[in-house]
Amino acid sequence: MRSHHIARLFHELTQAYELLLDPVRRMALDAKLRIQEARKQRYSNYDKKRKAFCDDLEEEERAYREAKSAAAKKKQKYAQEAEQIREAGRRMVEERQAELQRQQEEAERAETSAQELEPPPLGAYLSLCRLL
């Protein structure tokens with residue numbers, strides 16, 4: 001097995017030597033290697049661009065998520081403030097109704113007490129005096 005490996009290496013070296021001695025084949029190999037290197041560089045540039053694009057996209061997604069979260073928080077805050085305002089308004093209405101109820105009851109008591117303290121009309125006394 002070792003001799004098979006050595007024979008294969010010798011064959012490859014012989015082909016490489018013949019290739020280097022032939023100027024046309026060497027120019028073709030050089031051109032092929034330059035094309036491969038240019039392709040490798042181009043793909044490397046594509047990878048850099050793709051990586052930059054992915055980074056930009058991830059940044060935009062992160063910014064969108066943050067903006068969406070901020071909007072949700074803002075909406076929740078407005079909803080809480082609206083609920084607080086509704087609650088304060090409800091309390092004010094209840095207090096105003098209680099105040100009006102109290103004023104009405106006071107007015108009714110004052111009217112009742114005024115009727116109790118008020119002397120009967122003079123006309124009733126005069127008609128009684130005439131009868132006597």
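Residues: numbered from 1 along the sequence shown.
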*salt bridge (charged side-chain N to carboxylate O under 4.0 Å, His left out) contacts in which one or both residues fall within residues 94-104, not counting sequence neighbours*: Arg90-Glu94, Glu99-Arg102, Arg102-Glu106

_Partners passing side chain to side chain contact (heavy atoms under 4.5 Å, CB included) against Ile35 (at least two apart in sequence or in another chain)_ = Arg39

*Residue list, side chain to side chain contact (heavy atoms under 4.5 Å, CB included) with Phe53, at least two apart or on another chain*: none

*Any donor and acceptor pair, going by atom type alone, linking the side chain of Ser69 with main-chain N or O of Arg65 inside 3.5 Å?*
no

Scan the side chains in residues 74-84 for donor-acceptor partners under 3.5 Å anywhere in the protein, sequence neighbours excluded, and list what turns up.
from: Glu83; atom 1: OE1; to: Arg86; atom 2: NE; distance (Å): 3.4
from: Glu83; atom 1: OE1; to: Arg86; atom 2: NH2; distance (Å): 3.0

*asked:* Connecting only ILVMFWY residues whose side-chain heavy atoms lie within less than 4.5 Å of each other, what is the rest of Met92's hydrophobic cluster?
replied: none

*Give me the other members of the hydrophobic cluster that Ile85 sits in, counting Ile, Leu, Val, Met, Phe, Trp and Tyr linked by side-chain heavy atoms under 4.5 Å, directly or via other members.*
none

*What pairs of residues pass the salt bridge (charged side-chain N to carboxylate O under 4.0 Å, His left out) test when at least one of them lies in residues 10-38, not counting sequence neighbours?*
Arg8-Glu12

*Only counting residues at least two apart or in another chain, list the ones meeting side chain to side chain contact (heavy atoms under 4.5 Å, CB included) with Gln101.*
Gln104, Glu105

_Selection residues 48-62 - residue pairs positive for side-chain hydrogen bond (donor to acceptor under 3.5 Å, both in side chains), sequence neighbours left out_ = Lys51-Asp55, Glu59-Arg62, Arg62-Glu66

*Quick one: name the residues clustered hydrophobically with Leu21, using the 4.5 Å side-chain heavy-atom rule over I, L, V, M, F, W, Y, and just say none if it's on its own.*
Tyr17

*Got Lys40 and Ser44 here, is their nearest side-chain heavy-atom distance under 4.5 Å?*
no

_Remaining members of hydrophobic cluster (4.5 Å side-chain criterion), Leu19_ = Leu29, Leu33

